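Computed from a predicted model, the values in this text were never measured in an experiment.
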Amino acid sequence: MTKKLPAEKEAFFKQELEKVCKNSRMLESGRYMQHGCTSVFRHSVSVAHYSLYLAWKMHISVNEKALIRGALLHDYFLYDWHEKDDSHKWHGFHHARKALENALEDFKLNEIERDIIACHMFPLNIRPPKYRESWLVCYADKVCSGLETVKRKKS
């Protein structure tokens, strides 16, 4: 989902995306499919961009760096959940925890970033988000996932 951001916000977004990619295994997520024909990497970038767009468009005061980083890392589980494997059986319930574990191996995360990753599957995971940033990512994730799934069915 592409929404137009002001040039300075777009530049900041790209800068943070580059930092995350340089300092992690983020590009590895491009090998795994998320929804339809969309890779986990592409999905995560879309969720981060749409979250920032929503905050800007709705005039919601957020920590933009934490919002972007948390959104980019929200699905940082680094495996193919479509494989027939007992460890992937309950992917929807457990991948947020795995994404947080992986993110903590590669980054020092602040409380907002941790909450974004841990709570993005609410209400499937029962702990609700604590921060505005977490709620935005939770919502953006549902919107992007839905659009990716519908797009696949149309093709």
Side-chain angles (χ1 to χ4, degrees), residues 1-6 9-21 24-83 88 90-100 102-103 106-107 109 112-155:
M1 164 180 293
T2 306
K3 296 287 185 180
K4 191 107 170 113
L5 285 168
K9 291 210 181 291
E10 191 66 45
F12 181 70
F13 178 83
K14 288 178 180 174
Q15 175 186 345
E16 291 305 313
L17 172 60
E18 196 172 293
K19 285 182 195 173
V20 167
C21 288
S24 71
R25 297 166 282 165
M26 184 72 181
L27 293 176
E28 184 181 322
S29 68
R31 297 192 321 220
Y32 309 117
M33 285 298 113
Q34 182 67 317
H35 309 105
C37 305
T38 305
S39 70
V40 176
F41 177 81
R42 183 72 245 158
H43 167 74
S44 298
V45 171
S46 293
V47 170
H49 194 271
Y50 189 51
S51 297
L52 184 61
Y53 173 80
L54 287 172
W56 169 71
K57 195 70 172 169
M58 297 171 70
H59 306 284
I60 300 170
S61 177
V62 295
N63 177 328
E64 291 181 352
K65 182 176 181 176
L67 175 74
I68 293 166
R69 283 171 38 109
L72 288 171
L73 298 169
H74 83 279
D75 278 343
Y76 197 55
F77 46 83
L78 303 174
Y79 60 80
D80 183 354
W81 64 272
H82 299 92
E83 288 178 352
H88 305 159
W90 298 101
H91 171 78
F93 293 94
H94 301 292
H95 78 271
R97 180 183 43 77
K98 183 61 178 170
L100 182 57
N102 287 339
D106 294 348
F107 295 98
L109 301 176
I112 295 170
E113 293 160 344
R114 289 172 188 242
D115 193 65
I116 289 169
I117 299 166
C119 298
H120 81 272
M121 286 301 292
F122 180 79
L124 192 57
N125 295 144
I126 59 172
R127 193 175 119 213
K130 291 183 200 173
Y131 303 99
R132 288 182 291 250
E133 294 86 350
S134 308
W135 281 107
L136 283 166
V137 172
C138 187
Y139 175 74
D141 183 42
K142 308 305 184 263
V143 171
C144 291
S145 297
L147 291 171
E148 291 160 6
T149 301
V150 169
K151 181 179 176 186
R152 176 183 85 175
K153 290 184 179 179
K154 281 185 171 181
S155 321

* Which residues pass the side-chain contact (heavy atoms from CB on, under 4.5 Å) test with A66, sequence neighbours left out? -> N63, N110, I112, E113
* Asked: Is there side-chain contact between E16 and V20, with heavy atoms separated by less than 4.5 Å?
  -> no
* Output, in order, the C-alpha distance, side-chain angles, deciding distance and verdict of side-chain contact (heavy atoms from CB on, under 4.5 Å) for F122 and R127. => CA-CA 7 Å; F122 180 79; R127 193 175 119 213; over 6 Å; no
* Is a side-chain N or O of N102 found less than 3.5 angstrom from the main chain of Y76, in a donor-acceptor match? -> yes
* **Non-hydrogen side-chain atoms of R31 and S39 separated by less than 4.5 Å** => no
* With a cut-off of 6.0 Å (strictly less than), are more than 12 heavy atoms of other residues, nucleotides or ligands near CZ of F107? -> yes
* Within the distance-only criterion (no hydrogens, no angle test), does the side chain of H43 pair as donor or acceptor with the backbone N or O of V40 below 3.5 angstrom? -> no
* Test item: F41 and C21 side chains (from C-beta on) under 4.5 Å apart, heavy atoms -> yes
* To do: Taking all heavy atoms of N125 and all of A96, pick out the closest pair and write down the distance.
  => OD1-CB, 3.9 Å
* To do: Please tell me if the side chains of L17 and M26 come closer than 4.5 Å, counting only heavy atoms from C-beta onward.
  => no
* Approximate separation, where rounding is to 0.5 Å, of K19 NZ and I68 CD1 -> 9.5 Å
* **Under the side-chain contact (heavy atoms from CB on, under 4.5 Å) test, residues paired with L5 that sit two or more places apart** => K9, E10, H49, L52, Y53, W56
* To the nearest 0.5 Å, how far apart are CG in L72 and OG in S44? -> 7.0 Å
* Asked: Is a side-chain donor or acceptor of R132 paired with a backbone partner of S61 at a separation under 3.5 angstrom?
  -> yes
* Asked: Quick one: CG on L147 to NZ on K142, what's the gap to the nearest 0.5 Å?
  -> 13.5 Å
* Asked: Would you say the side chain of I116 lies within less than 4.5 Å of the side chain of P129, judging by non-hydrogen atoms?
  -> no
* Asked: Distance from R69 atom CZ to E64 atom CD, nearest 0.5 Å?
  -> 14.5 Å
* Taking side chain as C-beta onward, heavy atoms only, is L73 less than 4.5 Å from L109? -> yes
* Using a 4.5 Å cut-off on heavy atoms from C-beta on, say whether the side chain of S134 contacts that of H120. => no
* To the nearest 0.5 Å, tell me how far C138 SG sits from L136 CG. => 10.0 Å
* **Side chains of V45 and F13 in contact at under 4.5 Å (non-hydrogen atoms)** => yes
